[in-house]
Amino acid sequence: RVCRTCAGTGEVLEGGVRATCPACGGLGWRPWGARVLAECFGVGRHAWETRWAQRYARVAQMLEAVEGRGLAAVGRAIRG
């Protein structure tokens with residue numbers, strides 16, 4: 001979800017100077033918490049934390065790896 005502190009820019013103004021957003025570390029987004037994810041998946045928080053969170057993390061990691069390989073392939077194709 002978009003960081004509320006920096007509105008997704010990854011930066012904040014501190015005394016007129018741009019600085020890395022302290023809330024998201026400059027990413028512009030913040031991960032969803034366990035409560036929100038449990039609600040999205042229609043399970044209780046305890047079930048999420050004991051049964052589903054690790055599975056979700058593994059699948060997300062696999063998808064990130066596939067996305068990374070795809071982006072690398074596109075970059076190679078563009079550069080020739």
Side-chain angles (χ1 to χ4, degrees):
R1 67 180 191 219
V2 174
C3 176
R4 292 182 191 169
T5 303
C6 67
T9 65
E11 298 178 332
V12 293
L13 288 177
E14 293 180 358
V17 178
R18 289 181 188 247
T20 300
C21 176
C24 68
L27 295 175
W29 60 274
R30 296 180 70 179
W32 291 350
R35 181 185 57 79
V36 173
L37 287 169
E39 288 176 11
C40 288
F41 283 85
V43 298
R45 186 169 179 167
H46 178 72
W48 174 259
E49 291 175 348
T50 59
R51 187 173 300 132
W52 297 105
Q54 287 183 325
R55 294 174 184 175
Y56 174 82
R58 280 192 297 249
V59 170
Q61 186 178 28
M62 286 187 263
L63 292 172
E64 287 173 3
V66 169
E67 179 185 36
R69 289 194 301 268
L71 290 172
V74 168
R76 285 191 301 274
I78 290 172
R79 288 188 294 275

Distance in Å, [X] [atom1] paired with [Y] [atom2], rounded so as to fall on 0.5 Å steps:
| X | Y | atom1 | atom2 | value |
| --- | --- | --- | --- | --- |
| Arg76 | Ile78 | CZ | CD1 | 11.5 Å |
| Glu39 | Trp32 | CD | CH2 | 11.0 Å |
| Cys21 | Arg4 | SG | CZ | 13.0 Å |

Could you state whether Leu27 and Val2 fall into the same hydrophobic cluster, counting links through intermediate Ile, Leu, Val, Met, Phe, Trp or Tyr residues with side-chain heavy atoms under 4.5 angstrom apart?
-> no
Trp29 with Val36, same ILVMFWY side-chain cluster at under 4.5 Å |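 In one cluster with Trp29: Val36, no.
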Side-chain contact, heavy-atom cut-off 4.5 Å: Arg30 with Cys24?
-> yes
Is the ring centre of Trp48 less than 6.0 Å from the ring centre of Phe41?
->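 Centroid distance Trp48-Phe41: below 6.0 Å, so yes.
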Just wondering, are more than 12 heavy atoms of other shown residues or ligands nearer than 6.0 Å to CZ in Arg1?
->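 Counting neighbours around CZ of Arg1, more than 12 heavy atoms of other residues, nucleotides or ligands fall under 6.0 Å, so yes.
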Checking side-chain contact (heavy atoms from CB on, under 4.5 Å) against Val12, which of Val17, Thr5, Thr20 comes through?
-> Thr5
